[in-house]
Protein chains: 2
Amino acid sequence: MTKPNTLFKEAYNSCLGMLSMDASLPSETELSARLKVSRTTVRSVLTAMVDAGLLHWEKTSKQVIRLPVAADYFPDSETDSISSVIERAFMARILSGRMTMGDRISEADLARDIGVSTSAVREFLIRFSRFGIIEKQRNRHWVLKGFTEEFALELFEVREMFEIRSTHAFIRLPAQHPAWTALERIEAEHRALLEAIDTRYRDFSELDERFHRLIHNASQNRFILEFYEIISMIFHYHYQWNKAGEKERNRVAIEEHLRYVEGLRSRSLIDAEYLCRKHLISARQTLLTSLEQPTPSSEVRKRLRPALIA
Amino acid sequence: MTKPNTLFKEAYNSCLGMLSMDASLPSETELSARLKVSRTTVRSVLTAMVDAGLLHWEKTSKQVIRLPVAADYFPDSETDSISSVIERAFMARILSGRMTMGDRISEADLARDIGVSTSAVREFLIRFSRFGIIEKQRNRHWVLKGFTEEFALELFEVREMFEIRSTHAFIRLPAQHPAWTALERIEAEHRALLEAIDTRYRDFSELDERFHRLIHNASQNRFILEFYEIISMIFHYHYQWNKAGEKERNRVAIEEHLRYVEGLRSRSLIDAEYLCRKHLISARQTLLTSLEQPTPSSEVRKRLRPALIA
DNA sequence: CCGGCGTCTTTTATCGTTATTAGACATTCG
DNA sequence: CGAATGTCTAATAACGATAAAAGACGCCGG
């Protein structure tokens, strides 16, 4: 196999959602912009839709013949790029506790297990190495430094420095800056989520990410933003693997966020900084607590990555 | 071609330096440790030395037959790993001013120019991307964000945060910690260099790096240390490309370092922080000034990378 | 038995190749 | 004549293959 057409499949699925009997599809250029792929790919999608009997397409005219059914969609598993498949498989390995600090990581081994080429794994590891969890020396194997307490502490040390810096930058933003209205919207979302916390507590992680990202954006510093990518990745997987006390944990975090927002709006440096610190300390505590019990329930494990359990 | 034997050549050259008529070579294991390569490579080196008529080798006995001459060494150009070749070529491109912000970077193009495979370039770019100078989106080309004033300011913003944090950590080190004696040694080196500044000013960049690295080590934080790699890389190339006013610039920096060291030794947080800040501000100024005149003299350009000038 | 060596297996660093995708230019249509 | 389409070229994202290098295992001599 060579370059897989996951992008095509993803665009195809996404385009199926745009079909309706009453409106015809927009121009190729427009579609290209909306689907965020090149026109070449758009044309492949359109051709495939014609072949599937969904569309009559000639020049500018794009008449929908029938609406898509479930069977018209490509399965999710085929729309993931190889790199994201590797990422998930790799994180599953680390977080499942099957690997411990100091373990060797073999490119060849990983590639075999996941079923991809060594080059793909290699590129992934290089990209992943910036997260500070793995390391390698020239001509030698990778070593797992581990997702340990130490790691979490170092991570939060930097996170605190950066987030406080961003907080200051945020407060200095002029009153008419769009970030302030964005903050209001996010605050409203927090309140709405808090109302329905019993049923919707799972939505928090996504909101959490958007909230902190908004704040970090004020820093206008590529290194700070890049560092938030690490945080974000860690929490993304951490949330998936550790569900213990999730509802309560999220409720507390939402309340902290709300106070933090108030601090920002008050434009008081010391209040904002204080409330930011408070929140980060409890976030750190959450992460540390969950590291003490590294093996997640088999139920969670199964949901995340069936292939590796057998 | 496949995996090149640059490592072998490097080890061979390095091993040639260990030959002497009166002593025989140590055990394979010992050699392996000293040359920092595997025993397999050591054995290749020994075999090659026998073939070159330098050595009589049977089991534990390794008798030197003749001393190596210049012709026995592999040329430097053959001992560089592909990745470092790419790095140099790429940095030369960026710093020469031939590329400007927003330019597309083509993997294929670079590979052709440098004369290596696309995969090698690709891996390099991935590794290099953590420096924040280039960027790419999925399925699209790389873009040069540029080695600009903005970049330098963002870099120094983070550098200052980190270095001050490290300074604090350094001061808190117990008096018997080896870092204090290391600091004393480095201080002495600074004084020696200052004495002979007229002739030895070129030695400063290496000393500078060791000095700051020593301080950052106190932070015990992988993200801070990793960030210093970026600084270090930037300065490494920057020093090579911008020689204007180098002697005076280095003299000033040495004096700042000396005051900075005094601040550390006084264990006074505010003094150390103040002197650290002072030094970083002037370091930033140096970098900014040199960014204003991006094209280096042709003399320098020639020395750094002859191949690209023609 | 323990450091050192001989031999063998596994893994990495590089390459070249190919389908997919992006992007550029020419052409057509309203 | 500008936006949309048709066509073509070039670049990227994968793959597998191969020589170099690492690492493992067993043997041997003191």
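In what follows, every chain begins at residue 1, and chains take the letters A, B, ... in the order their sequences are listed.
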- Message: What's A:Lys9 touching, base or sugar-phosphate or nothing? Going by heavy atoms closer than 4.0 Å.
- Response: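 Since no nucleic acid heavy atom lies under 4.0 Å of A:Lys9, the category is nothing.
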- Query: How is A:Thr6 classified with respect to the nucleic acid when contacts are heavy atoms under 4.0 Å: base, sugar-phosphate, or nothing?
  - Reply: sugar-phosphate
- Message: One thing to verify: whether B:Asp113 and B:Arg93 come together as a salt bridge, which I'm taking to mean a side-chain N less than 4.0 angstrom from a carboxylate O.
- Response: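 Salt bridge between B:Arg93 and B:Asp113, a charged N being under 4.0 Å from a carboxylate O: yes.
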Could you give the [atom1]-to-[atom2] distance, from [X] to [N], as a whole number of Å?
X	N	atom1	atom2	answer
A:Phe8	D:dT12	CZ	C1'	18 Å
A:Tyr12	C:dT21	OH	C1'	19 Å
B:Ile126	D:dT12	CD1	C1'	11 Å
B:Ile86	C:dA13	CD1	P	13 Å
B:Arg122	C:dA13	CZ	C1'	16 Å
B:Glu58	C:dG4	CD	P	19 Å
A:Leu25	D:dT5	CG	P	11 Å
A:Glu123	D:dA14	CD	P	8 Å

With sequence neighbours excluded, tell me which residues meet salt bridge (Lys or Arg N to Asp or Glu O under 4.0 Å) with [X].
X	value
B:Arg213	B:Glu209, B:Glu229
A:Asp72	A:Arg66
A:Glu107	A:Arg122

Got [X] and [Y] here, is their nearest side-chain heavy-atom distance under 4.5 Å?
X	Y	answer
A:Glu10	A:Thr41	no
A:Ser83	B:Arg138	no
A:Arg130	A:Glu226	yes

Output the single nucleotide from [options] whose closest atom is nearest the side chain of [X].
X	options	value
A:Ser27	D:dA11, D:dA4, C:dT12	D:dA4
A:Leu7	D:dT12, C:dT12, C:dT21	C:dT21
B:Lys3	D:dA20, C:dT11, D:dT12	D:dA20
A:Thr60	C:dA19, C:dA13, D:dA4	D:dA4

- Taking only residues two or more places apart in sequence, or in another chain, which ones meet A:Phe151 in a ring pair (Phe, Tyr, Trp, His ring centres under 6.0 Å)? A:Phe147, B:Phe223
- Do other residues, nucleotides or ligands put more than 12 heavy atoms under 6.0 Å from A:Asp76 CG? no
- Query: Want to settle it: does B:Arg112 or B:Asn5 sit nearer the 5' end of DNA chain D, counting the closest nucleotide to each?
  - Reply: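 The residue mapped nearer the 5' terminus is B:Arg112.
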- Message: Distance criterion of 3.5 Å, no angle test: do you see the side chain of B:Thr118 paired donor-to-acceptor with the base of C:dG16?
- Response: no
- Message: Let me spell it out: for each of A:Lys59 and B:Val116, pick the nucleotide of DNA chain C with the closest heavy atom. Which residue's pick is nearer the 5' end?
- Response: B:Val116
- Task: Could you check which residues of residues 132-139 of chain A get a heavy atom under 4.0 Å from DNA chain C? Sort them by number, please.
- Result: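 Contacts with DNA chain C under 4.0 Å: A:Lys136, A:Asn139.
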- Note on the structure: Under a 4.0 Å heavy-atom cutoff, the residues of residues 28-51 of chain B touching DNA chain C are B:Glu28, B:Arg39, B:Arg43
- Message: Just N and O in the side chain of B:His141: are any of them under 4.0 Å from OP1 or OP2 of C:dA22?
- Response: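 Result: no.
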- Message: Counting only side-chain nitrogens and oxygens, does A:Arg104 get under 4.0 Å of the OP1 or OP2 atom of D:dA24?
- Response: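 Result: yes.
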- Item | Side-chain (A:His238) to main-chain (A:Ile234) donor-acceptor, under 3.5 angstrom |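 Looks like no, no N/O pair under 3.5 Å.
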